[in-house]
Amino acid sequence: MISPVALIDCNNYYVSCERAFDATLVGVPVIVLSNNDGCAIARSAEAKALGIRMGDPVHLIRDKVKAHGIRVLSSNYALYGDMQRRVVAAIQPFARDFEIYSIDETFVDFAGFEHLDLVAHARDMSAQVRRWTTIPTCVGIGPTKTLAKLANAAAKKNPLFNGVADLREDTTRDWVLDRFPAGDVWGVGRATAAKLADLGITTAGHLRDMAMKQARGIGTVVLERLIAELRGIPAMAVETIEPQRKGMAVTRSFGTPVDDVDTLMGAVAQYAMRAGEKLRQHGLVAGRLTVFFHTNPHKPERPQYSASRAFSMQPMTSDGLALLAYARRGVERAWREGYGITKAGILLDDLIGEDLRPRTLFDDDGEQRARLMRAMDEVNGCFGKFTAVPATQGFRRGWSARSEARSPNYTTQITDVPVARA
DNA sequence: TCTGGGGTCCTAGGACCC
DNA sequence: TCTGGGGTCCTAGGACCC
C-alpha cells in the first residue's frame, strides 16, 4: 500500500508575507526583488498578469513598473524566515511526518490518514495556515512526491481544483498529465526539456510513457527515477529528518564595482565572519574553504577576470578569524589590478559536527578562541550585526548591496513590531 | 619492439531546485 | 547605473595504488 503524499505550497510567498503586514499591498501588483535589488523573484497575481516574469532584471522592466504603478520591494529574509516558522506550526497538527522542502513548500506524509477524506483534510490544513498567517496556499496530493508536486502546480493553475488537486485516481491523473508541459515537471530543466522535445516528448503524459532505457541515455538515473514517480512508483522518500548539510556559502554581488584590494578584502572579511557564525549556529566545523571573486559576466565588453583559491583547513574550524586568515591569503594570491569586481564569496565544504571533529596531534583546545567567537556572537546578537568586527572588515561598506525598499522586520525586531491603536 | 587491469578517491562541471 | 543567493546530486576523468 502506497501512502499518499501532499505538497502544500504558499502562493507568491514573499509577496504574501509582505501583504500580511501592509494592507496597501493587497489587490495591487507587487514584486519582490532579489538581493542587490537585481531582479524580480516574487510576483503577485496582478504583477504576473501584467507580464512580469520570474527573474526579470528590474532595469529592463522599469517602464512597465512605472506605467502600471507596480509596487516594488527589496527582499526581507528575516521576515520570510520567521513567517515560515508560523506556517509550519499551522501544518504540524495535520500529519505525523513532514519534510520542510523549501522556504515556502512542505511535503506532508499522509500515511495513517488514508481513512479520511484527504481533500477535505487538505482544505482544513490550508485554512489553518490562512487563519494563523493570512498566507494563501495550494495543496497537491498524489502517490509520489513528483505527482504531489505536479498536482500542486495543477491546483495553482486550474481554478477547477479550487486550491486542492488529488491525483491518486487514474482518470484525473491521466487528464492532468496529458495537459501538463514536460518542461514544467519537477526535475526537468531547460537542457533536458530541449532534448525531450527533439524526441516529441512534450507532455508529462509522454514522459511517463517514455522507455526507461531511452531516459537513461538522455539524462541520468535522476530522470529514470522521475519517470517511475510519474507512474506512481515512489522513488523518493519524504525526508522527515533533516540531512547533514554538505556545504555552505556566503556570497554577494556589490552595489558598485570594486577596483581596490583593500575594499575587496573588507567585503571578504565580512563574508568569512558571517560564514563562521553560520557554522556555529549549526554546530558545525568546516575542512575546506574556497574564496572567489569575479567581474560582471553580463558586461562582456569590459575586461573580465574570475579567480578562486581553495584551502584545506587543519584543524577543521568554525572560527571566523581562522576562516578570515585563509580567505585573506586567497585574495592576496589571486588579486589582479585593473578590474571592476562585482561579486565575491566564501564557500565552505567538508562540514562535520563540531563534536565529531578529528583532533590533530598538536591541537590546542582552542577554548580561548571559542570564547571570543561566542562573545562576538553575543555582542552582535544584542547590539546589532557589525557591532564587533575584525579591523580588516572595517566599518565602511561602500560596496554593500542595494536594498532600497526593504520592509520593516515586523516579527523579529522589537522596534519594528507593528502597533495597534484603539 | 614492447608497455595490464581493476579498483578507489577526488575534483570540476553540468543540471537542477527554490 | 542596473541581471540573486544558497543548496543538492550525478558523472566523467585524472591521480594513484596494487
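What's counted below: heavy atoms across the whole structure, side chains too, no hydrogens, waters or symmetry copies. Chain letters run A, B, ... following the sequence lines, proteins first and then strands; every chain starts at 1.
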Flag if over 12 foreign heavy atoms under 6.0 Å of CG, Leu356(A):
yes

Measure from CG on Asp349(A) to P on dG13(B) and round the result to the nearest Å.
14 Å

Under the criterion salt bridge (Lys or Arg N to Asp or Glu O under 4.0 Å), I'd like the reasoning laid out for Arg173(A) against Asp166(A): C-alpha separation, chi angles, the key distance, then a yes or no.
CA-CA 8 Å; Arg173(A) 189 150 95 210; Asp166(A) 179 0; over 6 Å; no

CG of Asp37(A) versus P of dG4(C): gap in Å, rounded?
11 Å

Taking the side chain of Trp186(A) as heavy atoms from C-beta outward, which of dC18(B), dC2(C), dC16(B) is closest to it?
dC18(B)

Within a reach of under 6.0 Å around CZ of Arg179(A), are more than 12 heavy atoms found that belong to other residues, nucleotides or ligands?
yes

Residue pair Phe254(A)/Thr251(A) against DNA chain C: nearer the 5' end by closest nucleotide is Phe254(A)

For a quick test of reading the model: is some side-chain N or O of Arg302(A) closer than 4.0 Å to OP1 or OP2 of dC2(C)?
yes

Compare the minimum distances between each of dC9(C), dC16(B), dC2(C) and the side chain of Thr192(A), then state the nucleotide with the smallest one.
dC16(B)

Val32(A) near the nucleic acid: base, sugar-phosphate alone, or nothing, with a heavy-atom cut-off under 4.0 Å?
nothing

Among dG5(C), dT3(C), dC18(B), which nucleotide sits nearest the side chain of Asn35(A)?
dG5(C)

Are OP1 or OP2 of dC9(C) and a side-chain N or O of Lys246(A) less than 4.0 angstrom apart?
yes

Below 4.0 Å: OP1/OP2 of dC17(B) and any side-chain N or O of Lys145(A)
no

Grab the CD1-P distance between Ile41(A) and dG4(C) for me, whole Å please.
10 Å

Using atom types as modelled, flag every donor-acceptor pair under 3.5 Å from a side chain in residues 135-144 of chain A to any protein atom, sequence neighbours excluded.
from      : atom 1 : to        : atom 2 : distance (Å)
Thr137(A) : OG1    : Ser126(A) : OG     : 2.7
Thr144(A) : OG1    : Leu147(A) : N      : 3.2
Thr144(A) : OG1    : Glu229(A) : O      : 3.0

Write down the distance between CG (Leu223(A)) and C1' (dC9(C)), rounded to a whole number of angstrom.
14 Å

Looking at Arg280(A) and Glu354(A), is there a salt bridge between them, counting it only when a charged N and a carboxylate O are closer than 4.0 Å?
no

Any base atoms under 4.0 Å from Lys195(A), or only sugar-phosphate, or nothing? Heavy atoms, all strands.
nothing

Within the structure, does a side-chain N or O atom of Arg288(A) lie under 4.0 Å from either OP1 or OP2 of dC10(B)?
no

Just checking, Lys157(A) and Phe180(A): is the charged tip under 6.0 Å from the six-membered ring centre and within 45° of the axis?
yes

Specify the separation, in whole Å, of atom CG of Leu279(A) and atom C1' of dG6(C).
14 Å

Answer with base, sugar-phosphate or nothing: what part of the nucleic acid does Arg53(A) contact at a heavy-atom distance below 4.0 Å?
nothing

Hey, what's the ring geometry for Tyr14(A) with Tyr77(A), parallel, tilted or perpendicular (30° and 60° as the breaks)?
perpendicular

Would you say Arg245(A) places a side-chain N or O within less than 4.0 Å of OP1 or OP2 belonging to dT8(C)?
no

Using a cut-off of less than 4.0 Å, is there contact between a side-chain N or O of Lys149(A) and OP1 or OP2 of dC16(B)?
no

Could you please name the option among dT11(C), dC18(B), dC16(B) that lies closest to any side-chain atom of Ser102(A)?
dC18(B)

Respond yes when some side-chain nitrogen or oxygen of Arg216(A) is under 4.0 Å from OP1 or OP2 of dT11(C), and no when none is.
yes

Is Gln244(A) atom CD crowded by more than 12 heavy atoms from other residues, nucleotides or ligands, each under 6.0 Å away?
yes

What nucleotide among dC17(B), dG5(C), dT3(C) has an atom nearest to a side-chain atom of Asn296(A)?
dT3(C)

Among dG5(C), dG7(C), dC17(B), the nucleotide that comes nearest once only the side chain of Ala249(A) is considered:
dG7(C)

The side chain of Lys299(A) is closest to which nucleotide in this list: dG4(C), dC2(C), dT11(C)?
dC2(C)

Mind checking the C1' distance from dG4(C) to dC17(B)? Whole angstroms is fine.
14 Å

Could you tell me how far apart Arg274(A) (CZ) and dG5(C) (P) are, to the nearest whole angstrom?
14 Å

Which of these nucleotides, dG5(C), dT8(C), dA15(B), is closest to any side-chain atom of Arg252(A)?
dG5(C)

Identify the nucleotide, in any strand shown, that forms a Watson-Crick or G-U wobble pair with dC16(B), with both distances under 3.5 Å; if there is none, say none.
dG7(C)

Where the side chain of Arg402(A) is defined as all heavy atoms beyond and including C-beta, which of dC2(C), dG6(C), dG4(C) is the nearest nucleotide?
dC2(C)

Taking only side-chain N and O atoms of Thr220(A), does any of them lie within less than 4.0 angstrom of OP1 or OP2 on dA15(B)?
no

Heavy atoms only, 4.0 Å cut-off, all strands: where does Gly247(A) land among base, sugar-phosphate and nothing?
sugar-phosphate

Which nucleotide wins on minimum distance to the side chain of Ala191(A), given the candidates dC18(B), dA15(B), dG4(C)?
dA15(B)

Provide, to the nearest angstrom, the distance between the OH atom belonging to Tyr77(A) and the C1' atom belonging to dG7(C).
13 Å

Nearest-Å distance for atom pair CG/C1', residues Asn152(A) and dC17(B)
15 Å

Give one of base, sugar-phosphate or nothing for Val188(A), where a contact means two heavy atoms less than 4.0 Å apart.
sugar-phosphate

Check every strand shown and say whether Asp104(A) touches a base, only sugar-phosphate, or nothing at a heavy-atom separation below 4.0 Å.
sugar-phosphate

Could you pick out which residue, His298(A) or Gln244(A), lies toward the 5' side of DNA chain C when each is mapped onto its nearest nucleotide?
His298(A)

